[in-house]
Chemist: 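Quick one: the structure is below, and I'll ask about it shortly.
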2 protein chains.
Amino acid sequence: MDMTSIIAGLPLFQGLAPHQNATLAGIAQRRYYSKGQIFFSEGDNADGFYIILSGRVKIFKLSPDGKEQIFHILEAPEPFGEAAVFSGENFPASATALVETPVLFFPAGKFTGLIRQDPILALSMLGLLSLRLRKLTTLVENLSLKEVPARLAAYLLYQSRDNEHKPVIELDVSKNQMAGLLGTIPETLSRILKRMAEENLIKTDARTITILNRKHLTDLAEGLRKLS
Amino acid sequence: MDMTSIIAGLPLFQGLAPHQNATLAGIAQRRYYSKGQIFFSEGDNADGFYIILSGRVKIFKLSPDGKEQIFHILEAPEPFGEAAVFSGENFPASATALVETPVLFFPAGKFTGLIRQDPILALSMLGLLSLRLRKLTTLVENLSLKEVPARLAAYLLYQSRDNEHKPVIELDVSKNQMAGLLGTIPETLSRILKRMAEENLIKTDARTITILNRKHLTDLAEGLRKLS
DNA sequence: GTTGCGCCTTGACTTAAGTCAAACTTCAGT
DNA sequence: ACTGAAGTTTGACTTAAGTCAAGGCGCAAC
């Protein structure tokens, strides 16, 4: 598929005139990252941003003593690294490919040039950043105001919501990574999953988790109830 | 001062043509909020955003059992509530006036209309949102990867940095609020301030904190060292 | 198959930070 | 100046979650 068609199909670029798609295609670069490869590290100069064509990307920070907080795990067709481009500084977190991941790369300077000429594109980006802000706000809320069981309950419900509220969740991340997403460590996650299973809120089987008691789990997520 | 001049002086609106300032003035509303008054509560429909003319505003969330996480404490001439406008939903947090606070209010619909016509304005907003995102990223990092002493150390250094690296910090928030900003509670904050004073890192006196050992405090903030 | 290496789980222990309660200080309002 | 409310400090206690260490499971490579 040629670059213009790919770009025309990306949600971020909906509503643009065809010639704008062509212009975007002119500045975009196709790049391939293999599993474990690093897109950028915290502190790197932000020279552009990426859009995932397929694969999975992890955005994260490490503490000096090695604990990892994962901010997002992203899939096609999501963009990442876009915020740093507009504050014109460096990346505040790191990004690596979890699997083979082809992306489009948009150089910062050229891209902001385009935005200057196209308010629709600007509004798209504004919408995107707002959404990111909202997600981060929720993350802060979870980390600061909720205990691990509540965070886990919220996470499970969220995964199930993504899957049309079906009670069966196929984990798409390792439990190690899940711990990183929830701001905790694998041991703690393991223990809490066990407790939830003991109280018949969920049933776990390898990579599959089944929600048995959605109401109770919801109360847990909202802090209205605790694991006993 | 008339509305157009006020608007022309706001950092967020720098670089606009004079007629754009006038248009902005046409949609802006002056509003006065007294101490404790609520701008909006979490979940409220986002009908517009605000710019502080003077005073102080607290952006925060409450947990079901009453703990408060403060996201920002803002002063003139900072805007707030802007992100919710572009994701077109509701406010993800609440905002109240800490003191008498006059603001400008910009209705969402009219404002996005202006952005559609002025890419400079759009770029300003993009820069603003990016900066917010960056600050939130730091907050997440602090909450998830650092202990309270490290967060406090970082906060003190940040305050001193704002004040040209002078070692004397005049607290502009109550210690209760400071605890809320750091994601902890007043008791814990009090104890850690005491420990820092015992180790001669700082000296406290009512609303004044003096940094005695910047190097050690920096190491603490970066997790290279701990309070003994 | 068996070897080895992540991933995951479990137990015993430690620790940071929260809870509860009491007392003291500061400050605003009458 | 007095009163009361809010802010702050301190102590004793509890608890959630992290650390450390060991062992089991599952999968891939040889």
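Throughout, protein chains are lettered first and strands after them, A, B, ... in sequence-line order, and every chain is numbered starting at 1. Everything numeric here is computed off the predicted structure, so don't read it as measured data.
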Chemist: For a quick check under 3.5 Å, do Ser228(A) and Arg195(A) share a side-chain donor-acceptor pair by atom type?
Modeler: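 Their side chains do not contain a donor-acceptor pair, so the 3.5 Å distance test is not met.
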Chemist: Are any of Lys194(A)'s side-chain N or O atoms less than 4.0 Å away from OP1 or OP2 of dG11(C)?
Modeler: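 Answer is yes, contact under 4.0 Å.
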Chemist: Can you find a donor-acceptor N/O pair under 3.5 angstrom joining the side chain of Arg191(A) to the base of dG11(C)?
Modeler: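 Between dG11(C) and Arg191(A), which were checked side chain against base, a qualifying N/O pair under 3.5 Å is present.
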Chemist: What's the closest nucleotide to the side chain of Glu187(A) if the choices are dC20(D), dT10(D), dT8(D)?
Modeler: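 Selected nucleotide (nearest to the side chain): dC20(D).
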Chemist: So if I take every side-chain heavy atom of Ile192(A) and compare against dA21(D), dA17(D), dA17(C), which nucleotide ends up nearest?
Modeler: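 The answer is dA17(D).
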Chemist: Look at Lys175(B) and dT26(C) and indicate whether a side-chain polar atom (N or O) is within less than 4.0 Å of OP1 or OP2.
Modeler: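 No.
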Chemist: In terms of the angle between their ring planes, are Phe80(B) and Phe40(B) parallel, tilted or perpendicular, with boundaries placed at 30° and 60°?
Modeler: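 Tilted.
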Chemist: Can you give the dot-bracket line for DNA chain C, using ( ) for pairs inside the strand, [ ] for pairs that cross earlier ones, | for pairs with another strand and . for unpaired bases, where Watson-Crick and G-U count if both distances are under 3.5 Å?
Modeler: ||||||..||||||||||||||||||||||
Chemist: Take the protein atom CZ of Arg207(B) and the nucleotide atom P of dT9(D), then report the distance between them rounded to whole Å.
Modeler: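 It is 11 Å, rounded to the nearest whole Å.
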Chemist: Would you say a side-chain N or O of Thr184(A) is under 4.0 Å from OP1 or OP2 of dG18(D)?
Modeler: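 Yes, within the criterion.
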Chemist: Does a donor on one side chain sit under 3.5 Å from an acceptor on the other, for Gln37(A) and Thr96(A)?
Modeler: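 The answer is no; no qualifying pair exists.
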Chemist: At less than 4.0 Å, is any side-chain N or O atom of Thr188(B) found next to OP1 or OP2 of dA16(C)? Yes or no.
Modeler: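 Answer is no, no contact under 4.0 Å.
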Chemist: What I want to check is whether the side chains of Glu100(B) and Ser34(B) have a donor and an acceptor closer together than 3.5 Å.
Modeler: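 Distance-only check fails for Glu100(B) and Ser34(B).
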Chemist: Suppose we call two aromatic rings close when their centres sit under 6.0 Å apart. Are Tyr50(B) and Phe39(B) close by that rule?
Modeler: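 Ring centroids of Tyr50(B) and Phe39(B) are less than 6.0 Å from each other.
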Chemist: For Glu42(A) and Ser94(A), test the side chains for any donor-to-acceptor distance below 3.5 angstrom and give the result as yes or no.
Modeler: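 Note: Glu42(A) and Ser94(A) side chains miss the donor-acceptor criterion.
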